[in-house]
Amino acid sequence: MRLLTHNMLSSNIKGVTNGFPLGIEVEKVIEKQVDFNPDFLKNMFLKIEWKALVDASRSLGYAELPEEAPDSSLIHSEDFLRKFHHAILELHLEEGALVCPQTGRKFPVNKGIPNMLLHEDEV
């Protein structure tokens, strides 16, 4: 699961009011090379919840992103875009779990696929 995907997921358990961002429990991380596309990255930059991305990337062992959300002028820096690209597209949570920040419910991630199905009593 890419961190781009993680940044868009939240817990939809009945009664949960704070289901974002999901925590990450890491068992296995892999890196997959992806073609660099600056236009895509510039588009995505405006849609990303920055703190959630930084926390998620650090939990996967990647600490190259600035802690504070950079201003939009940084999207013209190739160095920044390459770090952003690596974080959202090339780091993959292969095995582990996503954790609801409110309930602690764990959603397993197997072979890079998060299982966000809810139990009957959570719907």
Side-chain angles (χ1 to χ4, degrees):
M1 179 193 67
R2 294 177 175 164
L3 292 185
L4 176 60
T5 303
H6 172 266
N7 203 268
M8 297 177 187
L9 293 175
S10 65
S11 174
N12 291 316
I13 297 172
K14 178 176 56 177
V16 168
T17 56
N18 180 26
F20 180 86
L22 295 166
I24 298 178
E25 290 184 358
V26 177
E27 290 178 23
K28 181 180 178 185
V29 175
I30 61 173
E31 293 184 21
K32 295 181 182 179
Q33 193 156 3
V34 176
D35 290 339
F36 182 68
N37 182 339
D39 292 332
F40 173 77
L41 296 167
K42 289 173 185 176
N43 248 349
M44 290 312 300
F45 177 78
L46 302 172
K47 297 175 176 129
I48 292 289
E49 164 50 53
W50 192 259
K51 180 163 177 24
L53 173 62
V54 169
D55 291 346
S57 67
R58 283 181 169 68
S59 71
L60 270 57
Y62 185 68
E64 297 297 315
L65 296 176
E67 187 72 35
E68 298 296 318
D71 64 59
S72 58
S73 67
L74 206 51
I75 64 172
H76 301 293
S77 161
E78 184 173 335
D79 182 54
F80 169 75
L81 285 178
R82 289 202 176 272
K83 291 175 182 176
F84 182 55
H85 165 84
H86 184 70
I88 68 170
L89 297 174
E90 294 184 329
L91 293 175
H92 289 254
L93 177 63
E94 189 70 6
E95 301 291 333
L98 302 176
V99 183
C100 174
Q102 187 172 331
T103 66
R105 159 81 147 79
K106 294 181 183 182
F107 299 96
V109 177
N110 295 306
K111 297 180 183 172
I113 301 170
N115 180 349
M116 301 293 293
L117 293 175
L118 299 177
H119 299 230
E120 201 168 303
D121 62 332
E122 296 173 325
V123 180

Do you reckon Y62 sits in the same ILVMFWY cluster as W50, going by side-chain contacts under 4.5 Å, direct or chained?
yes
Which heavy atom of P38 sits nearest a heavy atom of L81, and at what distance?
CB-CD1, 4.2 Å
First locate atom CZ of F80, then atom CG of L65, and finally report the distance between them rounded to the nearest 0.5 Å.
6.5 Å
Donor-acceptor pair, N115 side chain versus P108 backbone, under 3.5 Å?
no
K83 side chain reached by D79 side chain, heavy atoms, under 4.5 Å
yes
Do D55 and P21 come close enough that some side-chain heavy atom pair is under 4.5 Å?
no
For the atom pair NE2 (H6) and CD1 (I48), what is the distance rounded to the nearest 0.5 Å?
11.0 Å
Smallest heavy-atom separation, L9 atom then P114 atom, equals CD1-CG, 4.2 Å
Grouping I, L, V, M, F, W and Y whenever their side-chain heavy atoms are under 4.5 Å apart, do L91 and V26 come out in a common cluster?
yes
Are any non-hydrogen side-chain atoms of L89 and N37 less than 4.5 angstrom apart?
no
Out of curiosity, L93 CG to K28 NZ, how far, rounded to the nearest 0.5 Å?
11.0 Å
Report yes or no: do S73 and D71 form a side-chain donor-acceptor pair below 3.5 Å?
yes
Nearest non-hydrogen partners of F45 and P70, listed with the distance
CZ-O, 3.4 Å
Cluster check L117, V123: I/L/V/M/F/W/Y, side chain < 4.5 angstrom:
no
With side chains defined as the heavy atoms from C-beta onward, is the minimum distance between E95 and K111 less than 4.5 Å?
yes
Does E27 reach the side chain of E94, with side-chain heavy atoms less than 4.5 Å apart?
no
Apply the test side-chain contact (heavy atoms from CB on, under 4.5 Å) to residues I24 and L3: give CA-CA distance (whole Å), side-chain angles for both, the deciding distance (0.1 Å), then the verdict.
CA-CA 10 Å; I24 298 178; L3 292 185; 4.1 Å; yes
Hey, does L118 have a side-chain heavy atom less than 4.5 Å from the side chain of F107?
yes
Measure from the side-chain N and O atoms of Q102 to the backbone N and O of G19, and report whether any donor-acceptor pair falls under 3.5 Å.
no
CA sep, side-chain torsions, deciding dist, call: H86, E64, side-chain contact (heavy atoms from CB on, under 4.5 Å)
CA-CA 9 Å; H86 184 70; E64 297 297 315; over 6 Å; no
Looking only at heavy atoms, the pair that brings L41 and I88 closest together is CD2-CD1, 3.8 Å
With side-chain contact (heavy atoms from CB on, under 4.5 Å) as the test, would you mind laying out the steps for L53 and L4 before giving the verdict?
CA-CA 8 Å; L53 173 62; L4 176 60; over 6 Å; no
Spacing of CE belonging to M1 relative to CG belonging to L60, to within rounding of 0.5 Å:
7.5 Å
In Å and rounded to the nearest 0.5 Å, what is the NZ to CD distance from K51 to E68?
9.0 Å
Side-chain touch M116/L98, heavy atoms, less than 4.5 angstrom
yes
Measure the spacing between NZ of K14 and CD of E120 and express it to the nearest 0.5 Å.
10.0 Å
Passes side-chain contact (heavy atoms from CB on, under 4.5 Å), E49 versus M8? Steps please.
CA-CA 9 Å; E49 164 50 53; M8 297 177 187; over 6 Å; no
Are more than 12 heavy atoms, taken from residues, nucleotides or ligands other than D35, located less than 6.0 Å from that residue's CG atom?
no
Check the hydrophobic clustering (I, L, V, M, F, W, Y; side-chain heavy atoms under 4.5 Å; chains of links allowed) and say if V99 and L22 are grouped together.
no
Validation row: V34, R2 side chains within 4.5 angstrom (heavy atoms)
yes
